[in-house]
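Structure, as structure tokens:
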Amino acid sequence: MTGVERRIQWAMHAGFFLLLAASASRFVVRHGLDGGTAVRLALAGALAVLYAAGMVWWDALGRRRPVWLAAVTACWLALALSAPSFGWCAIPLFFVALRLLPPRAALALVAVLTAAFVAGQVRLSDRFDPSLVLVPVAAAGTTATIFLALQRIVDDLVRTRDELAAAQRAAGVLAERQRLSREIHDTLAQGLTSMGMLLQAADREWDHDPGTARAHVRRAADTATANLAEARRFVRALAPPDLAAGSLPDALRALADRENAAFRVDGVEYPLAPAAQETLLRVAQSAVANAREHAAAPHVVITLSYLDDAVSLDVADDGVGFDPARADPRPGRGYGLRGMRERVAGAGGDLAVESAPGEGTVVAATIPRSLP
């Protein structure tokens, strides 16, 4: 039960007791304190105790609340038929019935309460007045119609809220899965691919050039160490180790050293938001891995440019190239360019790819300058 629903419920309960007290005082004023008055007041007290018991044990009653409402209604009918002054207590009972019962049962009970109220008012009047019937019937009908309509609206809103929350949870799960997939692709998968290529090269060179082979093995070991650090960062949701140890140029320079690529910086370095730095580093890692694994590029150049209003990262290679019109030069093999585009778009930037078969590839990512 929401806070608003609880306040409405307590307002109904308070209204019942106020009307019960007003009806009792009116009855005493009109009839005095004779024996008949004492009996009616005792019955009113029993009704108050019965109603209060339902309030106190409301949650404990659970599915037995309609039974409690039936007992309250029976007690009120006995009181209202013998003392019509108590008929006004039917109004809060309308709301309790409409709240607890199914629509048809609630409307039936509202009709019974209205009929008893009308009968009591007719008894109190010295002559018949059609308004004594029409006004209570109109009030009860209007109240029931508005309440049920509002209840349907509330139910629809609650259902829509639940559906929206479920959709948001599903979207959040999907987004997190996509993020994790990109992280794995751009870190662990790329590192494992690089290690595999280095070990294959070492195996080819082992017999006739052991020195070069051992160099490949050492580079593979360094890559394994870096991958282990990435895996630990992955578990702890920390910044990439290269960024945690220094700035973006330092991280890209370390990447270039590991991958035997060239690196240069244009412009004057300025602070960047951590998300922008991580995005550019991941794009560089993915682009360099693509150049080594798929383009067979002998040379790769990483260029980081600090512009006035943006930061640009270019990764150029002289490999075999491909047709950029294709969504990804490696269909069915992970994220590649699509993952890079998603990363850069998530940081508010743009990714451009220039390539042609046999003419190498340039991947350019541009992210607007943002404060850290």
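Side chains included, hydrogens not; waters and symmetry mates left out as well; all remaining heavy atoms used.
- The distance from the CG atom of L50 to the CG atom of L43 is 10.5 Å, given to the nearest 0.5 Å.
- Pairing each heavy atom of W76 with each of C89, the nearest pair is NE1-CB, 3.5 Å.
- In the hydrophobic cluster analysis, where Ile, Leu, Val, Met, Phe, Trp and Tyr join through side-chain heavy atoms closer than 4.5 angstrom, V112 is grouped together with L107.
- When every heavy atom of L304 is checked against every heavy atom of P249, the shortest pair comes out as CD2-CG, 3.9 Å.
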Show the numbers, then the answer: is there a side-chain hydrogen bond (donor to acceptor under 3.5 Å, both in side chains) between T225 and D222? CA-CA 5 Å; T225 301; D222 291 341; 5.3 Å; no
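- When all heavy atoms of A44 and L20 are compared, the closest pair comes out as O-CD2, 3.8 Å.
- For D266, the side chain to side chain contact (heavy atoms under 4.5 Å, CB included) partners at least two apart in sequence or on another chain are R264, T303, S305.
- Residues S85 and S23 approach most closely at O-OG, 3.0 Å, considering heavy atoms.
- Side-chain N or O atoms of T366 include none that pairs as donor or acceptor with a backbone N or O of G349 at under 3.5 Å.
- Classification of the F86-F27 ring pair by plane angle, with boundaries at 30° and 60°, yields tilted.
- How far CZ of F94 is from CG of L113: 5.5 Å, rounded to the nearest 0.5 Å.
- Under the salt bridge (charged side-chain N to carboxylate O under 4.0 Å, His left out) criterion, the residue pairs touching residues 142-159 are D156-R159, with sequence neighbours excluded.
- Separation of atoms OG1 (T145) and CG (L150) is listed at 10.5 Å; rounding is to 0.5 Å.
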Chi angles and distances behind the side chain to side chain contact (heavy atoms under 4.5 Å, CB included) call for D203, Q200: CA-CA 5 Å; D203 183 62; Q200 289 173 4; 5.6 Å; no
Decide yes or no on side chain to side chain contact (heavy atoms under 4.5 Å, CB included) for E259 and V300, but give the supporting numbers first. CA-CA 9 Å; E259 298 295 338; V300 178; over 6 Å; no
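- By the 4.5 Å heavy-atom criterion applied to side chains, L41 and V28 are counted as neighbours.
- Looking only at distances, a side-chain donor or acceptor of R65 sits under 3.5 Å from a matching main-chain atom of W58.
- The side-chain heavy atoms of F17 and Y51, taken from C-beta on, include a pair separated by under 4.5 Å.
- A 6.0 Å sphere centred on CD of E354 holds no more than 12 heavy atoms belonging to other residues, nucleotides or ligands.
- Between E278 and P274, the closest side-chain pair of non-hydrogen atoms is not below 4.5 Å.
- The distance from atom CH2 of W68 to atom OG1 of T73, rounded to the nearest 0.5 Å, is 8.5 Å.
- Here the side chains of V217 and W206 are in contact, with some heavy-atom distance below 4.5 Å.
- Separating the CD atom in Q285 from the CD1 atom in I302 is a distance of 9.5 Å, to the nearest 0.5 Å.
- Cluster membership check: V362 does not share its hydrophobic cluster with V265, using side-chain heavy-atom separations under 4.5 Å among Ile, Leu, Val, Met, Phe, Trp and Tyr.
- Both W10 and M12 are members of a single hydrophobic cluster when ILVMFWY side chains are connected at heavy-atom separations under 4.5 Å.
- Scanning both residues, A97 and A106, for their nearest heavy atoms gives O-CB, 3.5 Å.
- Using a distance-only test at 3.5 Å, with no hydrogens or angles considered, no donor-acceptor pair links the side chain of S355 to the main chain of D323.
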Take F95 and T143 through the side chain to side chain contact (heavy atoms under 4.5 Å, CB included) test and state the conclusion after the steps. CA-CA 8 Å; F95 290 101; T143 300; 3.6 Å; yes
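- Judged by distance alone, with hydrogens and angles left aside, the side-chain atoms of S82 form a donor-acceptor pair with the main-chain N or O of A78 at under 3.5 Å.
- Of all non-hydrogen atoms in C75 and A46, the two that sit nearest each other are SG-C, 4.5 Å.
- You'll find the side chain of L351 stays beyond 4.5 Å of the side chain of R343, heavy atoms only.
- Taking 4.5 Å as the limit, some side-chain heavy atom of R253 sits within range of a side-chain heavy atom of D250.
- V288 and L337 fall within the same hydrophobic cluster, defined by Ile, Leu, Val, Met, Phe, Trp and Tyr side-chain heavy atoms under 4.5 Å apart, directly or through other members.
- Annotation: the span from M197 atom CE to R219 atom CZ amounts to 9.5 Å, rounded to 0.5 Å.
- For the side chain to side chain contact (heavy atoms under 4.5 Å, CB included) test with L109, the passing option among T114, V96, L69, L100 is L69; the others fail.
- Criterion: ILVMFWY side-chain heavy atoms under 4.5 Å apart, direct or through other members. Under it, L61 and M55 are part of a common hydrophobic cluster.
- Cation-pi geometry between R369 and Y270 is met: the NZ or CZ atom falls under 6.0 Å from the ring centre, inside 45° of the normal.
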As a quick check of understanding, evaluate side chain to side chain contact (heavy atoms under 4.5 Å, CB included) for M340 and N290, giving each step before the final call. CA-CA 11 Å; M340 285 189 253; N290 286 345; 3.5 Å; yes
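- With a 4.5 Å cut-off on side-chain heavy atoms, L272 and I367 do not count as touching.
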